[in-house]
Amino acid sequence: MNDAERLIAILKDTRAWASDLSNIDLERMYSGWSSQEKLIADIDAHILSAEKGKVHLRKILMLFAPTAGLCEILSSDQSVDAYEQLAARFDDWYARNGEKADPEK
């Protein structure tokens with residue numbers, strides 16, 4: 001699996017995680033994510049862009065930011081564990097690919 005495929009797999013697994021209502025607290029949804037459907041649509045847009053070779057890294061970083069994004073809508077300790085695994089996978093990918101994937105650097 002190459003680096004692009006790895007990122008797509010992380011995003012698809014993130015989509016699956018966000019699709020499970022036991023992982024997210026709908027009452028904590030904010031601004032752009034006023035519903036689970038909007039959250040899923042946002043993740044789908046990242047997947048589609050990545051499949052086309054266009055990584056919007058700043059926006060993806062916000063999904064996994066420690067004080068924003070997905071961690072703000074976690075619903076339980078179980079969802080935290082699964083989220084932390086996804087975030088760790090993304091952090092690992094970013095450590096290896098962030099510089100070359102970020103067009104602003």
Side-chain angles (χ1 to χ4, degrees):
M1 183 179 295
N2 67 35
D3 292 328
E5 292 168 333
R6 247 182 228 101
L7 177 60
I8 292 165
I10 293 165
L11 291 169
K12 286 182 176 181
D13 290 346
T14 302
R15 185 195 195 286
W17 175 87
S19 296
D20 183 344
L21 282 175
S22 69
N23 289 324
I24 60 174
D25 183 342
L26 295 176
E27 293 188 20
R28 296 169 112 183
M29 301 294 262
Y30 62 93
S31 63
W33 297 338
S34 57
S35 68
Q36 182 185 29
E37 291 78 18
K38 289 187 180 191
L39 169 60
I40 298 300
D42 188 39
I43 296 169
D44 285 344
H46 292 308
I47 293 168
L48 184 60
S49 292
E51 288 174 339
K52 292 179 179 181
K54 298 178 181 178
V55 176
H56 300 285
L57 194 54
R58 301 263 180 214
K59 292 178 182 180
I60 295 172
L61 281 167
M62 288 307 298
L63 284 175
F64 298 102
T67 58
L70 297 173
C71 76
E72 292 291 317
I73 59 172
L74 297 170
S75 65
S76 68
D77 289 343
Q78 183 179 4
S79 67
V80 169
D81 291 341
Y83 166 76
E84 285 178 344
Q85 291 174 14
L86 289 167
R89 286 174 55 202
F90 176 75
D91 288 347
D92 181 57
W93 180 90
Y94 182 72
R96 287 184 278 123
N97 299 283
E99 290 288 324
K100 63 184 172 188
D102 190 350
E104 296 181 22
K105 291 192 177 188

[X], [Y]: one ILVMFWY side-chain cluster at the under-4.5 Å cut-off?
X	Y	value
Val80	Leu39	yes
Trp17	Leu21	yes
Ile47	Ile40	no

List the steps, then state whether side chain to side chain contact (heavy atoms under 4.5 Å, CB included) holds for Leu57 with Asn97.
-> CA-CA 10 Å; Leu57 194 54; Asn97 299 283; over 6 Å; no

Nearest heavy-atom neighbours spanning [X] and [Y]:
X	Y	result
Met1	Arg6	O-NH2, 2.9 Å
Leu63	Trp33	CD2-CZ2, 3.5 Å
Cys71	Ala65	SG-O, 3.4 Å
Ala18	Ile24	O-CD1, 3.6 Å
Leu11	Ala50	CD1-CB, 4.3 Å

When rounded to the nearest 0.5 angstrom, what is the spacing between [atom1] in [X] and [atom2] in [Y]?
X	Y	atom1	atom2	result
Asp91	Ile10	CG	CD1	9.0 Å
Glu51	Leu7	CD	CG	10.5 Å
Leu48	Lys54	CG	NZ	9.5 Å
Lys12	Glu5	NZ	CD	10.0 Å

Any non-hydrogen side-chain atom of [X] less than 4.5 Å from a side-chain atom of [Y]?
X	Y	answer
Tyr83	Asn23	no
Ile60	Trp93	no
Leu70	Leu86	no

With Arg15 as reference, evaluate Asp20, Asp44, Asp42 under the salt bridge (charged side-chain N to carboxylate O under 4.0 Å, His left out) test and give the passing residue.
->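 Result for salt bridge (charged side-chain N to carboxylate O under 4.0 Å, His left out) with Arg15: Asp44.
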
Begin with the C-alpha distance, continue with both residues' side-chain angles, and end with the deciding distance and a verdict on side chain to side chain contact (heavy atoms under 4.5 Å, CB included) for Asp13 and Gln85.
-> CA-CA 10 Å; Asp13 290 346; Gln85 291 174 14; over 6 Å; no

Stepwise, does the side chain to side chain contact (heavy atoms under 4.5 Å, CB included) test hold for Thr14 with Phe64?
-> CA-CA 10 Å; Thr14 302; Phe64 298 102; 3.4 Å; yes

